[in-house]
Amino acid sequence: MDSNLNTYSGITAIILAGSRPGGDPLAQAMGAPVKALIPVAGQVMLAHVAQTLATHPRIARILVLAQQTDMLSGHPDMAWATTDVRIGFVTSGSGISSSLSAVLNDGKARYPVLVTTADNVLLNHAMLDSFLTGSDGADLAVAMVEQRVLLAAFPRSRRTWLKFRGGAWSGANLFWLGNGQVKPLLDLWQGVEQDRKKGMKIVGAFGPLLLLGALLRLLDIHQAVARAGRRFGLAARVVAMPQAEACIDVDKMDDLDLAERILAGQIRPHSSSTVQSGP
């Protein structure tokens, strides 16, 4: 990482661009060496996300966290990033939580930290504005999209849903780490990250009472996340994203096709601006 990053103050953005053990099925299907280098609408995934972050006024520095940093930084679509002193490439381990902890513990990243993923190719400034405004003052925040918001705009999109009282929600691959108090949560995440697509296993990691409340639909998602945060002495919140496409990351061929059509302007989320979510 460039030592000049230490001269910046403000929000650090971390892009998770690593490879899962055994390789990624979509990358293999597309003939890409790693998922972050799958081409989408004319350039690789990572370039879309990095450019959006680099041009947002509240992002002061960007770290790309991956096992094969030379492959990413050496790609022609990322040539511009290697000359930007705000951007660094950091070698990660095999686990998300342990890699984040290492970056935070050794001072490569300074709080507050925004975490996103290389497959979050539809990320734009409006989404960042919504999430950062909603996260201000929180120790921990996660972006979510309510089911009715997504389906009103993209009725054929299939997501993994967490069902709570009052609605079902899908993650939007945006996380806010406000300060060092979040470190115990990274240790907890290390134990459940292999089950990150199995929502109730994650909820259950915060305790049996919270799991019971979720399963019986006694809690809405805002109450559940706030209670989970209080277990660790944190002010935690869900940021309900008004942009339907915020939860469309690229995991499958259908996602890739949808993302390319959205980026090309061939389809637009016609209803997302009129459907409200959250309390």
Side-chain angles (χ1 to χ4, degrees), residues 1-8 10-21 23-96 99-100 102-104 106 108-110 113-128 131 172-175 245-246 248-251 253 255-260 262-264:
M1 184 188 68
D2 195 311
S3 60
N4 287 332
L5 286 173
N6 293 326
T7 66
Y8 288 88
I11 296 172
T12 299
I14 296 178
I15 305 173
L16 303 177
S19 301
R20 64 179 67 178
D24 182 85
L26 184 59
Q28 293 168 359
M30 295 295 296
V34 292
K35 186 178 183 182
L37 296 183
I38 293 174
V40 182
Q43 61 180 351
V44 297
M45 286 185 178
L46 178 59
H48 285 282
V49 179
Q51 287 169 0
T52 296
L53 292 168
T55 54
H56 193 278
R58 292 192 62 186
I59 304 300
R61 54 197 182 274
I62 300 166
L63 301 179
V64 179
L65 195 58
Q67 295 99 336
Q68 298 166 299
T69 53
D70 289 345
M71 182 184 295
L72 300 183
S73 63
H75 192 280
D77 288 355
M78 293 299 295
W80 63 273
T82 61
T83 62
D84 190 327
V85 297
R86 301 170 301 158
I87 301 176
F89 293 80
V90 180
T91 302
S92 70
S94 59
I96 296 172
S99 298
L100 280 175
V103 169
L104 293 168
D106 66 13
K108 287 187 174 73
R110 289 182 294 182
V113 171
L114 168 78
V115 181
T116 190
T117 57
D119 63 1
N120 194 12
V121 298
L122 297 179
L123 183 68
N124 57 35
H125 285 194
M127 292 180 202
L128 287 171
F131 183 64
N173 282 7
L174 288 169
F175 308 89
E245 63 272 34
I248 301 175
D249 54 5
V250 179
D251 279 329
M253 291 298 295
D255 300 330
L256 178 59
D257 177 66
L258 178 59
E260 289 195 316
I262 292 172
L263 289 170

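Please read all numbers here as calculations on a predicted model, not as lab measurements.
A donor-acceptor pair under 3.5 Å is formed between the side chain of T52 and the backbone N or O of L123. For K35 (side chain) and G23 (main-chain N/O), no donor-acceptor pair under 3.5 Å exists by modelled atom type. Panel note: side chain Q67, backbone T91; no donor-acceptor pair is recorded below 3.5 Å.
Listed by chain and number, the residues in a side chain to side chain contact (heavy atoms under 4.5 Å, CB included) with P33 are L37, M71 (sequence neighbours excluded). With sequence neighbours left out, the side chain to side chain donor-acceptor pair (under 3.5 Å) criterion links D70 to no other residue. Shown here are the side chain to side chain donor-acceptor pair (under 3.5 Å) partners of T117, two or more places apart in sequence or in another chain: D119, N173. In this structure Q51 satisfies the side chain to side chain donor-acceptor pair (under 3.5 Å) test together with Q43, sequence neighbours excluded. Remark: D255 engages R159, K252 in a side chain to side chain donor-acceptor pair (under 3.5 Å) (not counting sequence neighbours). A50 meets the side chain to side chain contact (heavy atoms under 4.5 Å, CB included) test with I15, M78, W80; sequence neighbours excluded. In this structure D77 satisfies the salt bridge (charged side-chain N to carboxylate O under 4.0 Å, His left out) test with no other residue, sequence neighbours excluded. The side chain to side chain contact (heavy atoms under 4.5 Å, CB included) search around A126 returns N124, Q243, not counting sequence neighbours.
Between V103 and the options T12, L63, V113, a side-chain contact (heavy atoms from CB on, under 4.5 Å) holds for only L63.
For residues 40-69, the set of pairs meeting the ring-ring contact (aromatic ring centres under 6.0 Å, His included) definition, not counting sequence neighbours, comprises H56-H125. Among residues at least two apart or in separate chains, salt bridge (Lys or Arg N to Asp or Glu O under 4.0 Å) pairs with a member in residues 44-58 are R58-D136.
Within the model, atoms CD1 of I59 and CD1 of I87 stand 11.5 Å from one another, a figure rounded to the nearest 0.5 Å. In this structure, D24 CG and M30 CE are separated by 11.5 Å, a value rounded to the nearest 0.5 Å.
Looking at heavy atoms from C-beta onward, N120 lies in side-chain contact with L174 at the 4.5 angstrom threshold.
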